[in-house]
Amino acid sequence: KIEQINEVQSFAELVDKRLELKILKDRADALQNRMWKLEDRYGMDVSKMPEGVRGQYRELKKEYDEIVDKLKNDS
């Protein structure tokens with residue numbers, strides 16, 4: 001019985017890890033799409049974006065980079 005419990009726990013941990021990675025990938029995709037929309041609208045040069053948009057873009061970029069780093073470290 002202990003072996004079965006350990007197997008179930010291992011499987012649950014694996015599924016949990018896969019779900020976490022999937023959620024992070026989906027979040028990274030959403031952030032990337034929002035950044036692309038801002039780039040399409042205002043251009044690639046962040047310094048030419050309006051101040052409020054520039055701040056929003058930088059926050060999106062920061063979060064995106066953090067998620068990408070986490071995904072690289074977890075893979």
Side-chain angles (χ1 to χ4, degrees):
K1 297 228 177 215
I2 292 175
E3 288 179 19
Q4 290 176 338
I5 291 172
N6 288 339
E7 285 180 30
V8 170
Q9 283 178 333
S10 295
F11 181 74
E13 289 171 4
L14 178 64
V15 170
D16 184 52
K17 181 74 169 177
R18 289 179 57 206
L19 179 59
E20 182 181 334
L21 290 175
K22 171 71 171 133
I23 290 169
L24 285 174
K25 287 177 184 177
D26 288 348
R27 179 69 180 149
D29 288 344
L31 291 168
Q32 182 69 61
N33 284 329
R34 288 176 60 195
M35 290 185 334
W36 283 341
K37 286 180 183 179
L38 291 174
E39 290 168 355
D40 287 345
R41 184 170 186 173
Y42 297 104
M44 294 293 293
D45 190 0
V46 177
S47 64
K48 293 183 180 179
M49 293 179 182
E51 188 174 335
V53 174
R54 187 178 325 137
Q56 179 185 10
Y57 183 85
R58 287 179 177 157
E59 288 296 320
L60 293 171
K61 179 75 169 144
K62 179 182 172 190
E63 185 179 351
Y64 176 78
D65 290 342
E66 289 172 356
I67 291 173
V68 169
D69 286 343
K70 184 169 174 59
L71 288 172
K72 285 181 182 178
N73 292 335
D74 288 346
S75 295

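Just so you know, these numbers use all the heavy atoms, side chains as well, and skip hydrogens, waters and symmetry mates.
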> Between Leu24 and Ile67, which heavy-atom pair has the shortest distance, and what is it?
Replying inline: O-CG2, 3.5 Å
> Which value, rounded to the nearest 0.5 Å, describes the distance between Met35 atom CE and Met44 atom CE?
Replying inline: 9.0 Å
> What pairs with Arg27 under salt bridge (Lys or Arg N to Asp or Glu O under 4.0 Å), at least two apart in sequence or on another chain?
Replying inline: Glu63
> For Asp16, which residues count as a side-chain contact (heavy atoms from CB on, under 4.5 Å) partner, sequence neighbours excluded?
Replying inline: none
> What pairs with Glu59 under side-chain contact (heavy atoms from CB on, under 4.5 Å), at least two apart in sequence or on another chain?
Replying inline: none
>> Just verifying a value: how many Å separate Glu39 CD and Gln32 CD, rounded to the nearest 0.5 Å?
In response: 7.0 Å
>> Tell me every residue that passes side-chain contact (heavy atoms from CB on, under 4.5 Å) with Val53, counting only those two or more places apart in sequence or in another chain.
In response: Leu38, Tyr42, Met49, Pro50
> Tell me, do Lys37 and Asp40 make a side-chain contact under 4.5 Å, heavy atoms counted?
Replying inline: no
> Which atoms form the tightest heavy-atom contact between Tyr57 and Val46, and what is the distance?
Replying inline: CE2-CG2, 3.6 Å
>> Do Val68 and Leu21 sit in one hydrophobic cluster, given that two such residues count as connected whenever their side-chain heavy atoms are within less than 4.5 Å of each other, even indirectly?
In response: yes
> Who passes side-chain contact (heavy atoms from CB on, under 4.5 Å) against Lys62, sequence neighbours left out?
Replying inline: Glu66
> For Lys22, which residues count as a salt bridge (Lys or Arg N to Asp or Glu O under 4.0 Å) partner, sequence neighbours excluded?
Replying inline: Asp26
>> Quick check: is Ile23 connected to Tyr64 through a chain of hydrophobic side chains (ILVMFWY, heavy atoms under 4.5 Å apart)?
In response: no
> What distance separates Lys1 NZ from Asn6 CG, expressed to the nearest 0.5 Å?
Replying inline: 14.0 Å
> Got a second to check how far Asn33's CG is from Leu60's CG, nearest 0.5 Å?
Replying inline: 11.0 Å
